[in-house]
Amino acid sequence: MKKTSRAVALLLTLTLLFALSGCGPADGKTHLTFQIWDVAQRDGMQAMCDAYTAQHPDVVIEVQVTSWGEYWTKLEAAAESNTMPDIYWMHTDQILYYADFGILADLTDLYADEDPNYYQNHFSEISIGNASGTDGRIYGIPKDKDNVVLVYNKEMFDAAGVSYPDETWTWDDLTAASQKIYDATGKYGYMAYNDEQLGYWNFVYQNGGYILDPETNVHAGYTQPATAEAIQYYVGLQQNDWCPDQNYFAETSPGTAFFSEVGAMFFEGSWNLLSELNNFPNMVGKWDIAPLPKCPDPVEGDGYGTISNGLCYSTAARGKNLEIVKDVLRFFGSEEGQRIQGESGAAIPAYLGQEESWSTVFNTFDYVLDVQVCYDQFDHAVQYINNASRRKWKSSAADEMVKAYKDGDVDGALTRMQALADAYVTTDEA
């Protein structure tokens, strides 16, 4: 075999290096990555991307799914190395951290040329709030909005001779129905597990309490009387035979228990309803949704309330394709983009007037859930609770709630939770 000359070898090496260091993909298009964490929404996100690329054939957008458990670890590592995806979902729990550190692109003026008040004209105050940093600037395009509903098993209600829940229901109706269902069927009634948005937060706000002072969004209210009363009530539900305790929920989620037909009711987020219809086809027609039962005698207010959150689409402030990405985000926040998301069933669009496009996919089932409940509850929506310091103490506060369930010392747990939050209130804020 002939040996390749040094000159030829060098030429081959230079050719290879030149090929590897080319200025773009061979097709000459701009390839963008779009990171999400919910596989159930991938098709909806892809449909929206396809609608954009149909109008801009020089752009390709790849939707990538990373599990919730890995999403934030990978995103933070990517932020540190300046290798973030071009577009990614941003959650209310995280947006202040990423925005305040200058990681996210400021999108406040994205629509300035066509409508300086675009956000205010097309999105609710809650949606805008969930997409804003502590400086009041907007760092994400509002994607969706949600609220919490009561999911119930119709067959268990029928077996116990209990009327289905409706807008007149109170906490008293919830507990009375739970007892009757347990007595008649041996099944659990309402399954109250330790959660914030899908659990005790709703009870707190229905009773007129608060987790963060609504006036300043700085001071926590764990020891405020209405808050403490509601949390005492919620934790106390597990003392009933018809409610599993938290040891049970450590192994089995309320949703798993419900769709295994061992429990009659639980609180669920609107974002999960479609996937549950798809994942449990044998249960279609056996269950429906109702508004959250209201507080019968609130310390303050009318007794209604459901925690409402919403994701947004964000991009890095120093992204290499920033201008193209901004144009994609402009489309994602348009009426057309939001309608495509809604009709796909991905989530309730944040865009005002497009909410009911989400009904489209539900109408394809043999039994149609009463999703109008979700739309109606926005009248009583409470913005998802968050501020700049909460990410520093939320985990420790959650640990205290676990202790409260185990030892029953709710007052002690709330006192410690209050101290944890207070430790991060600055002199200027106080």
Side-chain angles (χ1 to χ4, degrees), residues 36-45 47 65 68 89 91 126-127 143-157 164-167 169 174 190-193 195-199 201-202 253-261 263-293 305-311 338-351 354-382 384:
I36 68 174
W37 61 71
D38 185 358
V39 68
Q41 293 196 42
R42 175 165 49 191
D43 289 348
M45 296 300 97
V65 182
W68 173 264
W89 282 356
H91 191 277
I126 287 180
S127 292
K143 171 189 178 292
D144 57 43
K145 53 189 174 185
D146 61 40
N147 58 57
V148 183
V149 297
L150 176 67
V151 176
Y152 66 94
N153 184 299
K154 295 164 59 182
E155 292 184 342
M156 292 182 191
F157 272 74
Y164 299 152
D166 59 24
E167 69 281 357
W169 258 39
L174 181 72
Y190 169 60
M191 296 177 286
Y193 78 124
D195 193 74
E196 296 174 338
Q197 186 180 6
L198 297 178
W201 276 3
N202 299 282
S253 71
T256 299
F258 180 86
F259 288 103
S260 299
E261 299 186 79
M265 291 176 282
F266 75 112
F267 282 6
E268 181 60 288
S270 56
W271 63 91
N272 279 329
L273 299 177
L274 178 59
S275 62
E276 287 164 343
L277 284 170
N278 286 322
N279 293 338
F280 303 99
N282 62 308
M283 289 288 288
V284 173
K286 294 184 177 182
W287 61 283
D288 211 328
I289 63 175
L292 294 191
T306 175
I307 305 300
S308 180
N309 194 14
L311 308 182
Q338 297 268 316
R339 175 185 54 76
I340 292 171
Q341 177 197 227
E343 291 178 349
S344 75
I348 302 173
Y351 195 97
Q354 282 299 320
E355 294 90 344
E356 295 192 24
S357 64
W358 186 62
S359 298
T360 305
V361 70
F362 289 92
N363 293 335
T364 64
F365 289 87
D366 292 337
Y367 180 87
V368 180
L369 289 184
D370 186 13
V371 293
Q372 184 64 41
V373 167
C374 300
Y375 309 139
D376 293 343
Q377 281 201 137
F378 285 121
D379 292 338
H380 309 294
V382 175
Y384 187 89

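Residue numbers count from 1 along this sequence. These numbers come from the heavy atoms of this one structure, side chains and all, not from hydrogens, waters or symmetry mates.
One finds the CG atom of N309 at 11.0 Å from the CD atom of E196 (value rounded to the nearest 0.5 Å). For the atom pair CG of L369 and CG of L277, the computed distance is 4.5 Å after rounding to the nearest 0.5 Å. Taken to the nearest 0.5 Å, the CG atom of L274 stands 9.0 Å off from the CG atom of N279. The CZ atom of F259 lies 9.5 Å from the CG atom of N282; values are rounded to the nearest 0.5 Å. To the nearest 0.5 angstrom, C374 atom SG is 12.0 Å from K145 atom NZ.
Under the 4.5 Å side-chain criterion, counting only non-hydrogen atoms from C-beta, D38 is not in contact with W271. Between Y384 and I126 the shortest side-chain heavy-atom distance does not fall below 4.5 Å.
A side-chain donor-acceptor contact under 3.5 Å links Q377 to the backbone of L292. In this structure, the side chain of D288 engages the main chain of D370 through a donor-acceptor pair within 3.5 Å. E167 contributes no side-chain N or O that, together with a main-chain N or O of P291, makes up a donor-acceptor pair within less than 3.5 Å. Between the side chain of S308 and the main chain of D146, a donor-acceptor pair closer than 3.5 Å is present. At least one donor-acceptor pair closer than 3.5 Å links the side chain of N202 to the backbone N or O of Q197.
In this structure, Y164 and F157 have perpendicular ring planes: the angle between them is above 60°, well past the 30° mark. Taking the six-membered ring where tryptophan is involved, the planes of F258 and F266 are tilted, since the angle between them lies from 30° to 60°. Between Y375 and W358, the two ring planes are perpendicular [angle over 60°; tilted spans 30° to 60°].
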Audit row: M156, K286, side chain to side chain contact (heavy atoms under 4.5 Å, CB included) steps and yes/no: CA-CA 9 Å; M156 292 182 191; K286 294 184 177 182; over 6 Å; no
H91/L311 under side chain to side chain contact (heavy atoms under 4.5 Å, CB included): CA gap, chis, key distance, verdict: CA-CA 5 Å; H91 191 277; L311 308 182; 3.7 Å; yes
Criterion side chain to side chain contact (heavy atoms under 4.5 Å, CB included) on F365 and N278, from CA distance to verdict: CA-CA 9 Å; F365 289 87; N278 286 322; 3.4 Å; yes
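Annotation: ring-ring contact (aromatic ring centres under 6.0 Å, His included) contacts of Y351 (sequence neighbours excluded): H122, F123. For the ring-ring contact (aromatic ring centres under 6.0 Å, His included) test, residues two or more places apart in sequence or in another chain that qualify with Y190 are F267.
For the pairing with V148, the side chain to side chain contact (heavy atoms under 4.5 Å, CB included) check across D195, V382, T306 returns one residue only, T306.
Atom CG of D379 has more than 12 heavy atoms from other residues, nucleotides or ligands within 6.0 Å.
Taking the six-membered ring for Trp, Y367 and W287 have ring centres at least 6.0 Å apart.
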